[in-house]
Structure formats: structure tokens, C-alpha cells
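Read the structure below first, then the notes.
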2 protein chains.
Amino acid sequence: MQLFMKPAYLTHLSTAEAAIRATGERLTQPRVAVLACLLASERATSHLDVAGMLVDHHAVDRVTVYRVLEWLVNQGISHRIAGDDRVWRFMINPQQTSAKSAAHGHHAHFTCETCGQTFCLNKTIPKVDVKLPKGFRPFEIDLLVRGCCAACS
Amino acid sequence: MQLFMKPAYLTHLSTAEAAIRATGERLTQPRVAVLACLLASERATSHLDVAGMLVDHHAVDRVTVYRVLEWLVNQGISHRIAGDDRVWRFMINPQQTSAKSAAHGHHAHFTCETCGQTFCLNKTIPKVDVKLPKGFRPFEIDLLVRGCCAACS
DNA sequence: GTCTCCATGCTACTCAGTTGCAACTGCCAC
DNA sequence: GTGGCAGTTGCAACTGAGTAGCATGGAGAC
Ligand SMILES: [Mn+2]
Ligand SMILES: [Mn+2]
Ligand SMILES: [Zn+2]
Ligand SMILES: [Zn+2]
């Protein structure tokens, strides 16, 4: 009889391994473990969250966590969002069906002002048209909804 | 004949002074000077920008700049936006006609990916409706357009 | 099994923002 | 005007996220 529950990310290790193999890049323990953490998270996850999740079974140096998270972004596997607390948080990209260069479809984010958690809103953004001053060319639009999440309501 | 141009913020000192008097709070040199800097800026301004602008004629300790900028936000005179470089930038609120508690009307921002500058888009945001999961309640929406500004095009 | 190159771990660093505290000053009462 | 006090400033020390340099280690090619 064990005293502590197994961490949830363990069930995602094989999925993570497959996704990393698919990139053609090197398969390493930290990459698998960090990606499994993101796969196990419903919400945006900081480097510190990841390091904390892994400390018991797959301890990884904090600098490596930073580097792996950045690598996952560059591979098109995850994306990062800046929070009001100056911390980057990371999430798996929604539909990896397309090629990695296709970037993940624009999607909005939701931040709960009560608990501070951030979620992806997986629906594609309804086309917003903002009037820009003369000479300004838009590339893409970030949309962040602030409010109160289901758990905090 | 003078060698250096007078800094632009000097012409805004009296406007700044009036705005601070209007709050009913204490009128101090750093508050007037920092607010004058924001009044003189078309674009989002970091605490370091402000400190740099003031160094010659109204040198202010950097911690005071931080505190005054935060105070201006609390007074409803300016607002702050987080950049991708983890730096807060500040701007005067557009229409101060209403009471300070009315918060400044929602407006979108534009960040130039080339020069890194951020501008307010003063038109009110066209009503966006995003589908939220059950139980999520929205308060407000932040909208950030990424692109290339007129000067960089 | 060996070799090579890339990834990891570790230490030391940068940089934005914060905290604690003593000294100062705006402002009100008199 | 002068005094007193609370709010504000300046300074120094600190925090916490993220980065850089470099020696060691392991993944994958052969
Ligand atoms: Mn997202
Ligand atoms: Mn703005
Ligand atoms: Zn919440
Ligand atoms: Zn530009």
C-alpha cells in the first residue's frame, strides 16, 4: 500500500516519447519527461511547475527544463504565453495534425483573476477586425479573456 | 546657443501638475515629472525609459519611478501592459473625462515585431464574442495586434 | 564497440522588480 | 509662519525568472 499517488504525467510518457521520435531529433529522458508533464496539464504550466512535477521520479535540472521547454516551442509542439507575473507558461499545441511549420491555429486564452490559472480556448478566434492607423500592418492577433474560471465561480 | 534640445516632457509639467492635484493626493516632484514623461510619450514607456528621460533635469531614484508608475495606475491615470521581454510598460489612459473608477475603456494594443514598440489603438474594441466553457465568466478582453508599425514598414 | 556531436548539469551571472528602513517633505492645524 | 505628522523618497539589500559558459555525459551513426 503506497502512501502517495503516482504523478499523473507518468501515464503520458509513451505518448511523449512517440511525439519526440516523430521530430527526428534526439530522444532524451528530460525531453520525454517534460513533454509528458505538458500532456498531463489542462492549463498553462510554468518551468517551476514542471520541475516540481518531475522532482520525485525524473528530477531534471532547472536550466534543462528551461531549455527543453524552449525546444518544444521551436519544434512546434507547444506554445508559450506571458503572464501578468512575468512568468512564461507553456501548453501543448491543440491540433498537431498539420505540419509543425503551420503553427498552431490562433486560439484565445482565458486567465482566471481569482486562481491565476490560464487555459487555452480551443475554438478558433472569431475574425476580429481592428482599425489600424495608416501604415500599420497586422500579422496576428492575441486575445486574452480575463475572468473567473469554473472552479472559482 | 545650447548644445542639447530640451527634453519634450518639460512642456507637459503643468498639465501633469494639474492632473495630480485633481486626485487630491500629495503633489510631489517625482509624480509630476514621471507623469509629464508619460504625457509626452506616444508609445508604451518602461520605467527605465522614464528614468532615462528624467536623469538630466529631474533625476529620480529608480525605485521611486517604479512606485510612482504603480501609483499612477492605481489612480486610474495610466495603465500598464506586459511585454514579451518581461518588462512592464506604461501609458496614459485615453479618455480621463469619466471618473477614475470607470477604468479606461477597453482598447486594443499594437506591438511592432520589428522595433518592439507598443501603441494603444484608441478605437474601442469591436465587440468580440468568444465561446467559453461552462462555468467560465468573462470580465474583460485584452486584445493585442502583432505586426509592423508605420515607421518600420 | 567506438566516435562524434548534441544535450545536460552545474555555477555564476543578468536584470526587472520588491522590501525594509531611515531621512525627508507636503500639507494641515494652529 | 511654525510645528507636527503621515505619506513619500532614496538607498541598499534582496528576490526570482531567465541566461551564459563550460565541463561532462549519453544518443545515435557507423
Ligand atoms: Mn494556448
Ligand atoms: Mn493602452
Ligand atoms: Zn480560477
Ligand atoms: Zn516598428
Side-chain angles (χ1 to χ4, degrees), chain A residues 13 16-37 44-55 57-75 77-90 116 118, chain B residues 13 16-37 44-55 57-75 77-90 116 118:
Chain A
L13 288 173
E17 186 176 322
I20 288 167
R21 253 186 234 287
T23 64
E25 300 283 306
R26 282 198 190 168
L27 182 75
T28 67
Q29 272 275 59
R31 285 178 181 174
V32 174
V34 170
L35 178 50
C37 288
T45 307
S46 70
H47 98 275
L48 202 63
D49 295 331
V50 171
M53 292 169 83
L54 294 179
V55 73
H57 296 72
H58 294 84
V60 172
D61 183 75
R62 70 187 200 91
V63 177
T64 302
V65 174
Y66 279 115
R67 291 196 274 227
V68 170
L69 286 169
E70 190 184 1
W71 180 86
L72 289 169
V73 172
N74 291 337
Q75 295 299 315
I77 293 173
S78 70
H79 62 286
R80 114 177 69 194
I81 54 194
D84 285 345
D85 55 1
R86 314 192 324 127
V87 172
W88 290 109
R89 291 188 171 74
F90 297 80
T118 297
Chain B
L13 288 173
E17 186 177 321
I20 288 167
R21 254 186 233 289
T23 64
E25 301 284 305
R26 282 201 190 167
L27 181 75
T28 68
Q29 272 276 54
R31 285 178 180 173
V32 175
V34 170
L35 178 51
C37 287
T45 306
S46 70
H47 98 275
L48 202 63
D49 294 331
V50 171
M53 292 168 82
L54 295 179
V55 73
H57 297 71
H58 294 86
V60 171
D61 184 76
R62 67 187 203 91
V63 177
T64 302
V65 174
Y66 280 114
R67 291 196 273 225
V68 170
L69 287 169
E70 190 184 1
W71 179 84
L72 289 169
V73 171
N74 291 338
Q75 295 299 316
I77 293 174
S78 70
H79 62 286
R80 113 176 72 195
I81 53 194
D84 285 346
D85 55 2
R86 315 194 320 128
V87 172
W88 289 110
R89 290 188 172 74
F90 297 80
T118 297

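Computed from a predicted structure; not experimentally measured. The sequence lines fix the lettering, A, B, ..., with proteins before strands; numbering per chain opens at 1.
- Across all strands, B/Arg31 comes closer than 4.0 Å only to sugar-phosphate atoms, never to a base (heavy-atom distances).
- Side-chain contact between A/Cys37 and A/Val34 is absent, with no heavy atoms from C-beta onward closer than 4.5 Å.
- Both A/Leu27 and B/Val68 sit near DNA chain D, but only B/Val68 has its closest nucleotide nearer the 5' end.
- Straight-line distance from the OH atom of B/Tyr66 to the P atom of D/dT15: 17 Å, rounded to whole Å.
- Put simply, A/His47 has no side-chain N or O that comes within less than 4.0 Å of OP1 or OP2 on D/dA17.
- Nearest nucleotide to the side chain of A/Val63, out of D/dA6, D/dA20, D/dG18: D/dA20.
- Taken from CZ in A/Arg62 to CG in A/Leu54, the straight-line distance is 15.0 Å, to the nearest 0.5 Å.
- Other residues, nucleotides and ligands contribute over 12 non-hydrogen atoms within 6.0 Å of the CD atom of A/Glu25.
- Nucleotides of DNA chain C nearest to A/Thr64 and B/Arg62 differ in position, and the one nearer the 5' end is that of A/Thr64.
- A/Asp85 has its CG atom 9 Å from the P atom of D/dA17, to the nearest Å.
- Judged by distance alone with a 3.5 Å cut-off, no donor-acceptor contact links the side chain of A/Arg26 to the base of D/dG28.
- The residue among A/Arg89 and A/Gln29 whose nearest nucleotide of DNA chain D lies closer to the 5′ end is A/Arg89.
- Chain A approaches DNA chain C over the interval C/dC5 to C/dG17, counting the first and last nucleotide 5' to 3' with an atom under 4.0 Å from its heavy atoms.
- Looking at A/Leu72 and A/Val68, their side chains come closer than 4.5 Å, going by heavy atoms from C-beta outward.
- A/Val65 has its side chain within reach of A/Leu69: a pair of non-hydrogen atoms, C-beta onward, lies under 4.5 Å apart.
- Side-chain contact between A/Arg31 and A/Leu27: absent, with no pair of heavy atoms (C-beta onward) separated by less than 4.5 Å.
- If you measure from atom CZ of A/Arg67 to atom P of D/dT19, you get 11 Å, rounded to the nearest angstrom.
- For the pair A/Asp49 CG and D/dA17 P, the interatomic distance rounds to 10 Å; values are reported in whole Å.
- Side-chain contact between B/Thr28 and B/Trp71: absent, with no pair of heavy atoms (C-beta onward) separated by less than 4.5 Å.
- Distance, A/Asp61 CG to D/dC22 C1': 14 Å, rounded to whole Å.
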